[in-house]
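Take a look at the structure set out below.
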Amino acid sequence: MCFQGSKTTSTSQKRAWYAIIRRVTIVTNAANEPDRPEHLTPERGNLFVFSGPSGVGKDAVLGPLFSAGICPPRLRRCITATTRAPRPGEIEGVDYFFLSREEFERRIAEGFFLEHASYAGRSYGTPRWWVEAEVAGGNDVLLKIDVQGALQVRSQAPEAVLVFVAPPSVEELERRLRGRDAGADPGDLARRLAIAREELALARQYDYLVVNDRIEKAVDELRAIVIAARCRIRR
Ligand code: 5GP
């Protein structure tokens with residue numbers, strides 16, 4: 001995998017980013033790498049993109065996937081950046097890096113992001129250098145990003161594995177969104193639902209579809225996709 005149009009990020013920026021991740025990350029998946037003959041070990045990791053409409057339960061699936069004993073070996077989750085405000089309980093460096101709009105714009109200009117997109121009036125972006133460093137080091141990376149971002153990643157890294165998570169129905173999605181964002185601005189809910197309809201229409205552009213009707217099943221399916229890609233020898 002070779003990212004097109006790589007830009008450089010300063011060492012001090014990288015240090016600051018890693019310092020926060022280290023402080024908050026519990027490493028659950030370092031020890032269970034299966035034995036492979038060295039000459040058959042892939043030199044680079046895989047890049048997975050996991051998208052689906054807001055409220056579909058992406059975090060509910062990723063929580064168990066990244067838990068001890070279940071997380072596939074060497075899978076890392078990328079923490080992305082956003083200009084939206086933290087929701088109650090969200091933590092800097094765990095859920096997102098929360099940036100001001102000015103800081104976000106500055107980073108776009110510096111080429112900091114592998115992809116970036118605007119979603120419901122806020123900006124979101126993936127730190128390019130972090131993804132490149134992890135994949136080059138042989139780790140698999142999972143990005144939880146929206147459909148616009150996923151398609152940008154595909155154009156930059158055609159080997160990326162795109163997984164779409166869908167709700168069993170739009171009605172069920174609306175019910176989940178209302179449950180999660182109770183008390184949120186009704187305009188925001190309507191915007192998210194309208195975006196969800198557009199995103200569902202693009203699911204066919206992905207490599208895999210996981211329907212989140214039952215969390216355990218969705219976790220099993222996503223895990224199987226990650227493990228199959230890791231076992232692949234011809235890339
Ligand atoms: P939320 O505000 O609900 O956390 O996220 C809104 C949407 O933005 C979700 O679909 C989420 O997956 C997506 N998202 C989060 N980080 C990124 C990112 O770095 N890039 C893009 N393109 N989308 C992102």
Side-chain angles (χ1 to χ4, degrees), residues 3 9 17 20-21 47-63 65-66 76-101 103-105 107-108 110-132 134 141-157 160 162-167 170 173-174 176-185 187-203 205-206 209-210 212 218 222:
F3 299 102
T9 296
W17 205 266
I20 297 176
I21 292 177
L47 179 55
F48 298 97
V49 175
F50 188 58
S51 339
S54 180
V56 73
K58 295 186 291 286
D59 289 319
V61 173
L62 294 182
L65 180 76
F66 279 93
R76 307 283 184 264
R77 177 168 172 186
C78 180
I79 312 298
T80 61
T82 182
T83 60
R84 85 152 163 73
R87 294 194 184 111
E90 282 187 335
I91 300 171
E92 168 88 355
V94 173
D95 299 286
Y96 283 107
F97 288 93
F98 296 97
L99 304 182
S100 67
R101 179 154 298 280
E103 177 67 11
F104 199 94
E105 294 294 329
R107 291 187 187 224
I108 292 176
E110 287 171 352
F112 182 83
F113 297 115
L114 172 62
E115 62 71 39
H116 61 90
S118 162
Y119 180 98
R122 305 289 180 195
S123 299
Y124 295 81
T126 303
R128 175 194 293 276
W129 67 270
W130 191 89
V131 175
E132 284 181 353
E134 293 293 323
V141 167
L142 187 143
L143 305 177
K144 187 199 78 167
I145 62 176
D146 83 331
V147 173
Q148 311 163 62
L151 299 179
Q152 288 177 50
V153 170
R154 165 155 287 160
S155 72
Q156 301 231 12
L162 270 52
V163 184
F164 191 89
V165 58
V170 175
L173 180 69
E174 182 166 355
R176 289 182 194 174
L177 263 179
R178 284 187 193 284
R180 184 188 76 177
D181 295 347
D185 167 18
D188 189 49
L189 182 73
R191 262 195 304 280
R192 282 173 188 264
L193 272 172
I195 297 170
R197 287 201 170 81
E198 288 171 17
E199 291 188 330
L200 286 165
L202 292 171
Q205 304 212 18
Y206 281 63
L209 176 74
V210 169
N212 184 19
L222 182 57

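Whatever order the structure lists them in is the order used to number ligands and atoms, beginning at 1.
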Does the side chain of Y124 reach to within under 4.5 Å of the side chain of E115, using non-hydrogen atoms?
no
shortest atom 23 (N) of ligand 1-to-protein heavy-atom contact is with D146 N, 3.0 Å
**Message:** Is there a polar contact, in the sense of an N or O pair closer than 3.5 Å, between R192 and ligand 1?
**Reply:** yes
Checklist entry - L162 versus Q205: any side-chain heavy-atom pair under 4.5 Å? => result no
Here the atoms of ligand 1 under 4.0 Å from any heavy atom belonging to R87 are 1 (P), 2 (O), 3 (O), 4 (O)
- Query: When you check the gap from the basic side-chain N to the acidic O, do R122 and D146 get nearer than 4.0 Å?
  - Reply: no
Subject >> Min N/O separation E90 to ligand 1 under 3.5 Å >> reply: no
Hits for salt bridge (charged side-chain N to carboxylate O under 4.0 Å, His left out) against E103, two or more places apart or cross-chain, chain-then-number order -> R106, R107
Note to self: Are any of the N/O atoms on Y96, whether in the backbone or the side chain, positioned under 3.5 angstrom from an N/O atom of ligand 1?
What the structure shows: yes
- Query: Can you find a pair of side-chain heavy atoms, one from L142 and one from L62, that are under 4.5 Å apart?
  - Reply: yes
Residues at least two apart in sequence or cross-chain that pass salt bridge (charged side-chain N to carboxylate O under 4.0 Å, His left out) with K58, listed by chain then number, are none
Indicate yes or no: at least one non-hydrogen side-chain atom of W130 is less than 4.5 angstrom from one of R76.
-> yes
For C78 and V131, the nearest pair of non-hydrogen atoms, with its separation, is SG-CG2, 4.1 Å
of all protein heavy atoms, closest to atom 16 (N) of ligand 1 is T80 OG1, 2.9 Å
What one should report as the nearest heavy-atom pair of F104 and S123 is CE2-CB, 3.4 Å
Ligand 1 to R84, heavy atom cutoff 4.0 Å, flagged ligand atoms 1 (P), 2 (O), 4 (O)
Side chains of F97 and P127, heavy atoms from C-beta outward: is any pair under 4.5 Å? no
Does an N or O anywhere in A117 fall below 3.5 Å from an N or O of ligand 1?
no
The atoms of ligand 1 lying under 4.0 Å from a heavy atom of E115, numbered in the order shown, are 18 (C), 19 (O), 20 (N), 21 (C), 22 (N)
Under 4.0 Å from one or more heavy atoms of G149, ligand 1 contributes atoms 22 (N)
Checklist entry - Taking N or O atoms only and a 3.5 Å limit, does H116 qualify as a polar contact for ligand 1? => result no
Checking heavy atoms under 4.0 Å, the part of Y124 that sits near ligand 1 is both
Note: heavy atom closest to atom 18 (C) of ligand 1, options I145, D95, L143, L114, belongs to I145
Hey, is Q152 one of the residues with a heavy atom under 4.0 angstrom from ligand 1? no
| So is K58 close enough to ligand 1, meaning a heavy atom under 4.0 angstrom away? | yes
If we number the atoms of ligand 1 from 1 as shown, the ones under 4.0 Å from a heavy atom of T126 are 19 (O)
